[in-house]
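The next block holds one structure in the form of structure tokens; read it before the comments.
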Amino acid sequence: CMATRSFDKSQLGTLNGTFSKPQFQLSQLGYCRIMINNPMLISHGTLRSTDFPQRLRIAKESGYDAIGLNAGSISNSRGEYQRIRESGTTDSEILHQLQQSGIRIGELEALVIGNDEQAQLFLHLAKTFSVSVIQTIGLFQVGKASNPLEIDSTVTWLQKFSEELRPTGTRIAVEFIPTTPIPDVDTAQMIVDRVSQPHVGICVDLWHVERGLGISELEKVRWENVFNVQISDGSLVPEETNYIRDCISNRRCLADGQFRLEKFIKYFTELPTTTPIGIEVLSNSLDALTIDEKISSLIRSREIAQSTYYSS
């Protein structure tokens, strides 16, 4: 079922930045609580300042099912996977660490559309680690205008790669980012429609909604085709003029900012049940916290992302 209205954080009250939800308050307001059971994931950038074993420990102690793994992108050609391998750790040893922790690699990022060499690495990782979803993005340049996306070649490339990926069961999620050639929901969904493959969908990141065309973009999303979700909080007014720098420095844990979280979370019941919900908080402030402080912040964010409220 769908919510007929969203809750208001100010009505429910807050406690140390976390939603306070006493049952008597909810019943008085006419709301009931629904728990979201999708896999919960800590995106790579959230724990970018921690090494792989620490990342697994934090994910497990915070109650998550999976982590994200960066295997190179536009701004990070040498991703975390490459650094792990260069340290002498083999794929078999990575698998052993995952099995010991009970944590999966749920998300690979960020595959640049058209990059054949990178695609083969991502295909290898999908096969090796049984990854849920590969996040893909359009090629863009930081701080300057990007070349327009050639739609026909983009569609052809995604169709070819999706066929190669099909035996693994891994899905592809096309992400829209306002300053890139795939800037909005309409463009991402148009590409997915033309690719016309059941395991190719889109990624919706709340940051790029709030800082893009606005929260009304959520109404355009066909949620059954959303294969990756990323959520963070933040200020409604940018803290830095450079979009990408702001995006990778100033995100906040849930309920620590001004984003309309409730308007986003209410759609989670329409997602495919296998779509991971990723806490993606690229934050200089979070980087500086101790391990225990990070665990506390991530537990709070998970609990918020897993709850939605419906009028009864």
Side-chain angles (χ1 to χ4, degrees), residues 43-45 68-79 81 107-123 125-126 131 133-165 170-197 199-214 217-218 220-222 225-232 238 242-248 251 275-276 278 280 282:
S43 295
H44 164 80
L69 181 68
N70 183 297
S73 65
I74 295 166
S75 59
N76 184 9
S77 58
R78 291 182 63 257
Y81 173 72
E107 168 194 73
L108 287 177
E109 62 173 3
L111 175 60
V112 178
I113 293 170
N115 187 326
D116 293 330
E117 181 180 356
Q118 191 186 27
Q120 291 310 301
L121 172 61
F122 276 59
L123 178 61
L125 296 176
V131 176
V133 64
I134 290 175
Q135 180 185 337
T136 61
I137 57 176
L139 179 64
F140 68 94
Q141 300 183 62
V142 178
K144 57 179 73 173
S146 300
N147 295 325
L149 201 66
E150 212 296 309
I151 299 299
D152 288 343
S153 61
T154 294
V155 169
T156 300
W157 191 88
L158 284 169
Q159 287 172 333
K160 178 178 180 294
F161 181 59
S162 67
E163 283 300 319
E164 293 182 85
L165 198 62
T170 302
R171 296 183 295 182
I172 297 170
V174 178
E175 182 174 25
F176 60 91
I177 303 172
T179 57
T180 76
I182 307 175
D184 51 37
V185 171
D186 286 341
T187 305
Q189 290 188 153
M190 177 270 291
I191 291 169
V192 168
D193 287 344
R194 290 196 51 185
V195 172
S196 190
Q197 296 287 341
H199 53 294
V200 180
I202 72 169
C203 168
V204 181
D205 181 338
L206 181 59
W207 181 277
H208 301 315
V209 172
E210 290 278 20
R211 294 296 185 80
L213 295 180
E217 281 281 273
L218 298 177
K220 301 178 182 179
V221 175
R222 296 195 298 274
N225 291 329
V226 174
F227 294 161
N228 200 23
V229 162
Q230 296 172 335
I231 184 170
S232 63
N242 183 293
Y243 184 90
I244 297 299
R245 187 177 297 114
D246 200 26
C247 172
I248 64 174
R251 297 193 188 210
T275 294
E280 186 175 55
L282 294 85

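Along the sequence shown, residues are numbered consecutively beginning with 1.
- Looking at heavy atoms from C-beta onward, T179 lies in side-chain contact with I244 at the 4.5 angstrom threshold.
- Across every non-hydrogen atom of G212 and P178, the tightest pair is CA-CG, 3.6 Å.
- Here the closest non-hydrogen pair linking S162 and Q197 is OG-CG, 3.6 Å.
- When all heavy atoms of A119 and F161 are compared, the pair lying nearest together is O-CE1, 3.4 Å.
- A distance-only check finds a donor-acceptor pair linking the side chain of T170 to the backbone of V131 [under 3.5 Å].
- Side-chain contact, Y81 with H44: no donor N or O sits under 3.5 Å from an acceptor N or O.
- When side chains are defined from C-beta on, Q159 does not count as touching R194, because their heavy atoms never get closer than 4.5 Å.
- The distance from atom OG of S153 to atom CD1 of I113, rounded to the nearest 0.5 Å, is 9.5 Å.
- Contact annotation: the side chain of I137 never approaches that of L111 to less than 4.5 Å [non-hydrogen atoms, C-beta and beyond].
- A donor-acceptor pair under 3.5 Å is absent between the side-chain atoms of Q230 and the main chain of S43, judged by distance alone.
- Looking at E175, its side chain never comes within 3.5 Å of a backbone N or O of T136 through a donor-acceptor pair.
- Side chains of V133 and T275 form no contact here, defined as non-hydrogen atoms less than 4.5 Å apart.
- Rounded to the nearest 0.5 Å, atoms CD (E164) and CZ (F122) are 14.0 Å apart.
- Here the straight-line distance linking atom CG of L206 with atom CG of L218 works out to 7.0 Å at 0.5 Å rounding.
- Using a 4.5 Å heavy-atom cutoff, the side chains of F176 and V209 are in contact.
- Contact annotation: the side chain of L123 approaches that of L165 to within less than 4.5 Å [non-hydrogen atoms, C-beta and beyond].
- Minimum heavy-atom separation, V174 to A188: O-CB, 4.2 Å.
- Between E217 and K220 there is a salt bridge, since at least one side-chain N of the basic residue sits less than 4.0 Å from a carboxylate O of the acidic one.
- A side-chain N or O of N228 and one of E107 form a donor-acceptor pair less than 3.5 Å apart.
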Mind running side-chain contact (heavy atoms from CB on, under 4.5 Å) on N225 and Q189 for me, showing each step along the way?
CA-CA 9 Å; N225 291 329; Q189 290 188 153; 5.8 Å; no
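- Salt bridge R222/D193: present, at least one basic N to carboxylate O contact under 4.0 Å.
- The two residues P181 and P148 make their nearest non-hydrogen contact at CB-C, 4.4 Å.
- Side-chain contact check for V200 versus I191: every heavy-atom pair is 4.5 Å or farther apart.
- Atom-to-atom distance recorded for T180:OG1 and L139:CG is 9.5 Å, nearest 0.5 angstrom.
- Side-chain N or O atoms of E150 include one that pairs as donor or acceptor with a backbone N or O of D152 at under 3.5 Å.
- Here the side chains of P183 and H208 are not in contact, with every heavy-atom distance at 4.5 Å or above.
- Within the model, atoms CD1 of I151 and OG1 of T156 stand 11.0 Å from one another, a figure rounded to the nearest 0.5 Å.
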Given the rule in the side-chain contact (heavy atoms from CB on, under 4.5 Å) test, do W207 and L282 qualify, once you have shown the distances and angles that lead to the verdict?
CA-CA 11 Å; W207 181 277; L282 294 85; over 6 Å; no
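- The existence of a salt bridge linking R251 and D205 is confirmed by a sub-4.0 Å separation between a basic side-chain nitrogen and an acidic carboxylate oxygen.
- Taking CD from E280 and OG from S232, the interatomic distance works out to 7.0 Å, rounded to the nearest 0.5 Å.
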Decide yes or no on side-chain contact (heavy atoms from CB on, under 4.5 Å) for I202 and F227, but give the supporting numbers first.
CA-CA 6 Å; I202 72 169; F227 294 161; over 6 Å; no
